[in-house]
2 protein chains.
Amino acid sequence: MLTIKEIAERANVSRTTVSRVINNSGSVSEEARRRVLKVIEETGYVPSENAKSLRTKKTKVIGVILPKISTETSSRLVKGLDDIFAKEGYQILLANTNLNPEKEIEYLRLLKSRHVDGIILSATNINRPLVEEIYQLKIPFVTVGQYITGLANVLFDDYQASKDMVNLLIKNGYKNIAFIGVSEKDRSVGHLRKIGYMDAMKDHHLPVEESWIQKGIFNVDSGYECMKPIMEDSKIKPDAVLAVTDRLAIGALQYIKEKGLSIPDDIAVAGMGASELSKYISPALTTIDFSMEDAGREAASLLLEQINGENYQETIRMIKYRFMEGSSI
Amino acid sequence: MLTIKEIAERANVSRTTVSRVINNSGSVSEEARRRVLKVIEETGYVPSENAKSLRTKKTKVIGVILPKISTETSSRLVKGLDDIFAKEGYQILLANTNLNPEKEIEYLRLLKSRHVDGIILSATNINRPLVEEIYQLKIPFVTVGQYITGLANVLFDDYQASKDMVNLLIKNGYKNIAFIGVSEKDRSVGHLRKIGYMDAMKDHHLPVEESWIQKGIFNVDSGYECMKPIMEDSKIKPDAVLAVTDRLAIGALQYIKEKGLSIPDDIAVAGMGASELSKYISPALTTIDFSMEDAGREAASLLLEQINGENYQETIRMIKYRFMEGSSI
DNA sequence: TTTTTGTAGGGAATCGATTCCATAAATAAT
DNA sequence: ATTATTTATGGAATCGATTCCCTACAAAAA
């Protein structure tokens, strides 16, 4: 490995001068600058970021903690993050927790030890020890999708989105609306979207049967499975169903189609998340686009503000969602 | 920031001893070890990876260069990589070229300056300057999806897969088979899959009309657009079409459905890539699964072999593909 | 009792940059 | 002509770890 010392010797100057040339700082004669640049060119020398970081305390690396690495949501978020960070010369160091909560804390420490300039956390469930760890981290930090007091948050209005979707269904004449959710430990997707549904139903004085509300996990099969009890165990058969993710909705849709029922005439289906799938299945799924890329860009910008020492108080940035009309309702 | 020096002082030992405790090396009395561990526990000290790397020349970071960050292909590849790397304590540093070839070289240099322990490259087109840059890199290196002489390669048999798919179509009675490809600058997806198609047709003495062969880009709309000339300009209307990606196939499928034709009775459609979409559209797309996750795991393992000094010669690992039967042919 | 061996632990060099401070030379101001 | 500035440069400390080498002491072997 070529070092600054060698470059200095070959160019017949001191390391100091080489450093000045590289960083364009201090003053260097044209003569010396040319010599140094020539040697760098010839040798293909690249300064060690590592050594540099040790001294300057800046790494130009951002740690990104994700619950799952290969989901559409994650990859869009990362895309948005990278849009902004790349422009400013930052790179992304991935940390994939695979939904394992202990890994979150572990990675938080690891990222700290690596001296990342900032951390983006996209968590699914937020627990006490995690929050405590974050508080004592003292690194620029932004959380996406789940609210944490006192920090910079990029959030989706899960409650309102869910409520809006139910309202839309009601407006379209549906009354008996079933709901496929996920574990309420996931506050945003599990809890908030559920109470959004409940409140919308209550607001319109629409009764809800117990068997209308099912709980699944984040995949298509689970949506299919959840649809069974909704159809089989209900006294009043629902005329619509809202699923908290598109995958769940697509599973539901498959079950309904399999039973020979027509969508949306016999039963309407709505999803949330605007996965790419939703556009291409038939009928196209009516869903809500949460603009994960926007969220990523917003989160990146917030983090950069902190890194540049501009904004350290609690911040909440709500990302706008929009309806994606399909033909499933 | 807490340093090893402070821990040493508080535990009343030298930095050397603290280092020995952390790394379990050398010999340390139980007494001293306990004191050091206690202080570390109390203070929440985490050693600086940065300083450590400077000395040890190991970063436990792998650079991953991707042509596009939020595609299904990339995210599955990354998932596979992370499966293996995480287990061995390596983290992934992302470098997204956004299909810009200059960025590939730029990131190669950047990753080198960051002293990553290895690099995975998933490129779309390989050019001279890029290859030269790689050769003089002297860092463990694996390329995925495109062949580079003398290096470790994880490849897909694009030629054979394409040929097999055409053969399957022919076996099913189709004779007039159209082809939607992409730029041949992309050797694997553009060139190899095309000649696979051509050779299969030639082998069966099936003529190919010029307008049957169209070139698109990597998205659904483009597949739709490519289907137009195939249907409109051909003297003999094809009874089947092979697209080199699922997205192109789905675009084609949309066009066909829009024209009121039935799939596969009027015209069969085959894709390649086994995107998640392919399973859920109707009719389900017959396609080829290239197992990107396997490729990722394979690439990671190859890279680890190099890092551990075991394997530095040219290596080619062919990833097995398999047919995913839908109902589109 | 003397010599050997082994264990525990510290001092200081090292990794490859940046940066503070000092100095010399060149130029400008008085 | 003398002093004050400015410009160019280098020496050496520093960042926070690891690791080589040395010493002190205790236990085992002779």
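Lettering follows sequence order; numbering is per chain, from 1. In this text, all values refer to a predicted model and were calculated from it rather than measured experimentally.
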I need the [atom1]-[atom2] distance between [X] and [N], as an integer number of Å.
| X | N | atom1 | atom2 | value |
| --- | --- | --- | --- | --- |
| Asn24(B) | dA8(C) | CG | P | 13 Å |
| Asn50(B) | dG16(D) | CG | P | 10 Å |
| Lys60(B) | dA17(D) | NZ | P | 18 Å |
| Ile7(B) | dG10(C) | CD1 | P | 15 Å |
| Lys58(B) | dA17(D) | NZ | P | 19 Å |
| Arg114(A) | dG16(D) | CZ | C1' | 16 Å |
| Asn12(B) | dA8(C) | CG | C1' | 15 Å |
| Glu49(A) | dA17(C) | CD | P | 10 Å |

Is Arg33(B) atom CZ crowded by more than 12 heavy atoms from other residues, nucleotides or ligands, each under 6.0 Å away?
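More than 12 heavy atoms, drawn from other residues, nucleotides or ligands, come within 6.0 Å of this atom.
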If the helix axis at each end comes from five base pairs, how far does the helix from dT1(C)-dA30(D) to dT30(C)-dA1(D) deviate from straight, to 10°?
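Inter-axis angle at the termini of the helix from dT1(C)-dA30(D) to dT30(C)-dA1(D): 50°.
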Hey, which sits more toward the 5' end of DNA chain C by its nearest nucleotide, Glu31(B) or Leu54(B)?
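The answer here is Glu31(B).
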Would you say Tyr147(A) and Glu314(A) are linked by a side-chain donor-acceptor pair, where the criterion is simply a distance under 3.5 Å?
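Distance-only check passes for Glu314(A) and Tyr147(A).
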Distance-only polar pair, side chains of His115(B) and Ser53(B), donor-acceptor under 3.5 Å:
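The answer is no; no qualifying pair exists.
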What nitrogen or oxygen pairs link the protein and nucleotides 18-24 of chain C at under 3.5 Å?
from: dT18(C); atom 1: OP1; to: Asn23(A); atom 2: OD1; distance (Å): 3.4
from: dT18(C); atom 1: OP1; to: Asn23(A); atom 2: ND2; distance (Å): 2.9
from: dT18(C); atom 1: OP2; to: Ser19(A); atom 2: OG; distance (Å): 2.5
from: dT18(C); atom 1: OP2; to: Asn23(A); atom 2: ND2; distance (Å): 3.3
from: dT18(C); atom 1: O2; to: Arg55(A); atom 2: NH1; distance (Å): 2.2
from: dT19(C); atom 1: O4'; to: Arg55(A); atom 2: NH1; distance (Å): 3.3
from: dT19(C); atom 1: O4; to: Thr16(A); atom 2: OG1; distance (Å): 3.2

For the pair [X] and [Y], find out whether any cationic side-chain nitrogen is under 4.0 Å from an anionic carboxylate oxygen.
| X | Y | result |
| --- | --- | --- |
| Arg317(B) | Glu298(B) | yes |
| Glu106(B) | Arg109(B) | no |
| Glu42(A) | Arg35(A) | no |
| Lys87(B) | Asp83(B) | no |
| Asp294(A) | Arg297(A) | yes |

With sequence neighbours excluded, what pairs up with Phe156(A) under the ring pair (Phe, Tyr, Trp, His ring centres under 6.0 Å) test?
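Residues passing ring pair (Phe, Tyr, Trp, His ring centres under 6.0 Å) with Phe156(A): Phe290(A).
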So, OP1 or OP2 of [N]: does either fall under 4.0 Å of a side-chain N or O from [X]?
| X | N | value |
| --- | --- | --- |
| Ser14(A) | dG10(D) | yes |
| Ser29(B) | dG9(C) | yes |
| Ser27(A) | dT6(D) | no |
| Thr17(B) | dG10(C) | yes |

From the list dT9(D), dG9(C), dA17(C), which nucleotide is the closest neighbour of the side chain of Ala32(B)?
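Nearest to the side-chain atoms of Ala32(B), counting from C-beta on, is dG9(C).
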Across the strands shown, which category fits Lys57(A) at heavy-atom distances under 4.0 angstrom: base, sugar-phosphate, nothing?
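Sugar-phosphate, backbone atoms only, no base.
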May I ask you to test the Gln91(A)-Leu110(B) pair for a side-chain heavy-atom distance under 4.5 Å?
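Yes; the side chains approach each other to less than 4.5 Å.
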